[in-house]
Chemist: 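Shown below is the structure under consideration.
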Protein chains: 2
Amino acid sequence: MAEINKENTVEKCSEECVHGEIVEKVCSRIPDDEILYDVAELFKVFGDSTRVRIICALFESEMCVCDIAAVLNMTQSAISHQLRVLKQARLVKYRREGKTVYYSLADKHIQTIFNQAFEHIME
Amino acid sequence: MAEINKENTVEKCSEECVHGEIVEKVCSRIPDDEILYDVAELFKVFGDSTRVRIICALFESEMCVCDIAAVLNMTQSAISHQLRVLKQARLVKYRREGKTVYYSLADKHIQTIFNQAFEHIME
DNA sequence: TAAACATATGAACAATCATTCATATGAACA
DNA sequence: TGTTCATATGAATGATTGTTCATATGTTTA
């Protein structure tokens, strides 16, 4: 328990109110910070309405950058920047056909995650 | 199709490369912007490592604010601010017992969403 | 090879947000 | 009622990030 307050910034309540057993149990079971950081990074990608709209558009059909820009009524540059973010998160894949690049979703988990999110919203 | 480029900022490619049928189909099937905005707002709440750690801690056990602060090794104030965000998103609920306030998760969808996120990370 | 065009990217700016510090609130108990 | 203590909150600040504008890349076709 000593390492819980490393830097002597001990809260008043830490000696009175902390439930030692619970804190210890939770500390031992919670996933590593590194993993939780990655989870937050993934959700950060989902946490922008432009990217959400791109993903939902790609649920319907593979599309080129121009088509996505037309659907969202935004500039090609803005879409391209966001597709790069989605690509880096391995959420979309692409194929080139001449001058055109077609994007599609890369991960089967995305649909499940979004369905659950829709259900939470609707409650 | 006229309403797709409302403001005469027609991209060059919009007359050459836009695939009209696909754009029209996707436009008609994609959920309303209002809903997609709400979805993004929900994911924005998940998109912070402190909040992710709080949520994962609460997967293990109901806890008071002090306990959560001890588990995450952060100040009571920082935790309290984040719990307010989670409360506003209806992701946590609380019960008061004397001076202590116990928080727990409010929504069954959260676990499913996080499980899928873990699976995406692990791939 | 040169022009045309779909896409990508770098820099800059505005807006959003997590934490800190100080302080307020509200319940328990003397 | 007054003190103690767990929790909540307002203001300020530093950091992150989405979009725009200008330009670069790379493929096609004349």
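In this text, all values refer to a predicted model and were calculated from it rather than measured experimentally. Naming convention: chains lettered A, B, ... in sequence-line order (proteins, then strands); numbering from 1 in each chain.
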Chemist: A quick test of your reading: do over 12 heavy atoms of other residues, nucleotides or ligands sit less than 6.0 Å from NZ of A:K87?
Modeler: yes
Chemist: Describe, in one word, how the ring planes of A:F114 and A:F46 are oriented to each other, choosing from parallel (under 30°), tilted (30 to 60°) and perpendicular (over 60°).
Modeler: perpendicular
Chemist: When you match A:A78 and A:E41 each to their closest nucleotide on DNA chain D, which lands nearer the 5' end?
Modeler: A:E41
Chemist: Looking at side-chain heavy atoms only, is the closest gap between B:N115 and A:T112 below 4.5 Å?
Modeler: no
Chemist: How is B:Y102 classified with respect to the nucleic acid when contacts are heavy atoms under 4.0 Å: base, sugar-phosphate, or nothing?
Modeler: nothing
Chemist: Mind listing the residues from residues 46-63 of chain B sitting with a heavy atom below 4.0 Å of DNA chain D? Number order is fine.
Modeler: none
Chemist: Would you mind listing every ring pair (Phe, Tyr, Trp, His ring centres under 6.0 Å) that reaches into residues 79-98 of chain A, with sequence neighbours excluded?
Modeler: A:Y94-A:Y103
Chemist: Send over the distance from B:I68 CD1 to D:dT7 P, rounded to a whole Å.
Modeler: 9 Å
Chemist: Please identify each residue that fulfils side chain to side chain contact (heavy atoms under 4.5 Å, CB included) with A:E97, with sequence neighbours left out.
Modeler: A:R95, A:Y102
Chemist: To the nearest Å, give me how far apart CE (B:M74) and P (C:dC21) are.
Modeler: 12 Å
Chemist: If I take atom CZ from residue B:R51 and atom CD1 from residue B:I55, how far apart are they, to the nearest 0.5 angstrom?
Modeler: 8.0 Å
Chemist: Between C:dC17, C:dT7, D:dA8, spot the one nearest the side chain of B:V101, thanks.
Modeler: D:dA8
Chemist: Mind checking what makes side chain to side chain contact (heavy atoms under 4.5 Å, CB included) contact with B:Y37, not counting sequence neighbours?
Modeler: A:S49, B:E41
Chemist: Can you measure A:F43 atom CZ to C:dA18 atom C1' for me and round it to whole angstrom units?
Modeler: 19 Å
Chemist: Show your working on side chain to side chain contact (heavy atoms under 4.5 Å, CB included) between B:L91 and B:L42 and close with a plain yes or no.
Modeler: CA-CA 9 Å; B:L91 293 170; B:L42 175 63; 4.1 Å; yes
Chemist: With sequence neighbours excluded, what pairs up with B:R29 under the salt bridge (Lys or Arg N to Asp or Glu O under 4.0 Å) test?
Modeler: A:E60
Chemist: Apply side chain to side chain contact (heavy atoms under 4.5 Å, CB included) to A:K93 and list each qualifying residue two or more places apart in sequence or on a separate chain.
Modeler: A:S104, A:A106
Chemist: In chain order, what residues pass the side chain to side chain contact (heavy atoms under 4.5 Å, CB included) check against A:D107, with sequence neighbours excluded?
Modeler: A:H109, A:I110, B:H120, B:E123
Chemist: Ignoring the backbone of B:S77, work out which of C:dC17, C:dG10, D:dT9 is nearest its side chain.
Modeler: D:dT9
Chemist: How many Å lie between NE2 on A:H19 and P on D:dA6, as a whole number?
Modeler: 10 Å
Chemist: For C:dA6, does the base pair up with any side-chain atom of A:Q76 as donor and acceptor (N or O, under 3.5 Å, distance only)?
Modeler: no
Chemist: Below 4.0 angstrom, which residues in residues 81-96 of chain B have at least one non-hydrogen atom near DNA chain C?
Modeler: B:H81, B:Q82, B:R96
Chemist: Choosing from D:dT4, C:dA6, D:dA8, which nucleotide comes nearest the side chain of B:K99?
Modeler: D:dT4
Chemist: Would you mind reading off the bend of the helix from C:dT1-D:dA30 to C:dA30-D:dT1 from its two end axes, five pairs each, to 10 degrees?
Modeler: 20°
Chemist: D:dC21 base to A:T75 side chain: any donor-acceptor pair below 3.5 Å?
Modeler: no
Chemist: Could you tell me which residues satisfy salt bridge (Lys or Arg N to Asp or Glu O under 4.0 Å) with A:R53, sequence neighbours excluded, listed by chain and number?
Modeler: B:D33
Chemist: Nearest whole angstrom, please: distance from the P of C:dT16 to the NZ of B:K44.
Modeler: 9 Å
Chemist: Has A:Y103 got a side-chain N or O lying under 4.0 Å from the OP1 or OP2 atom of C:dA6?
Modeler: no
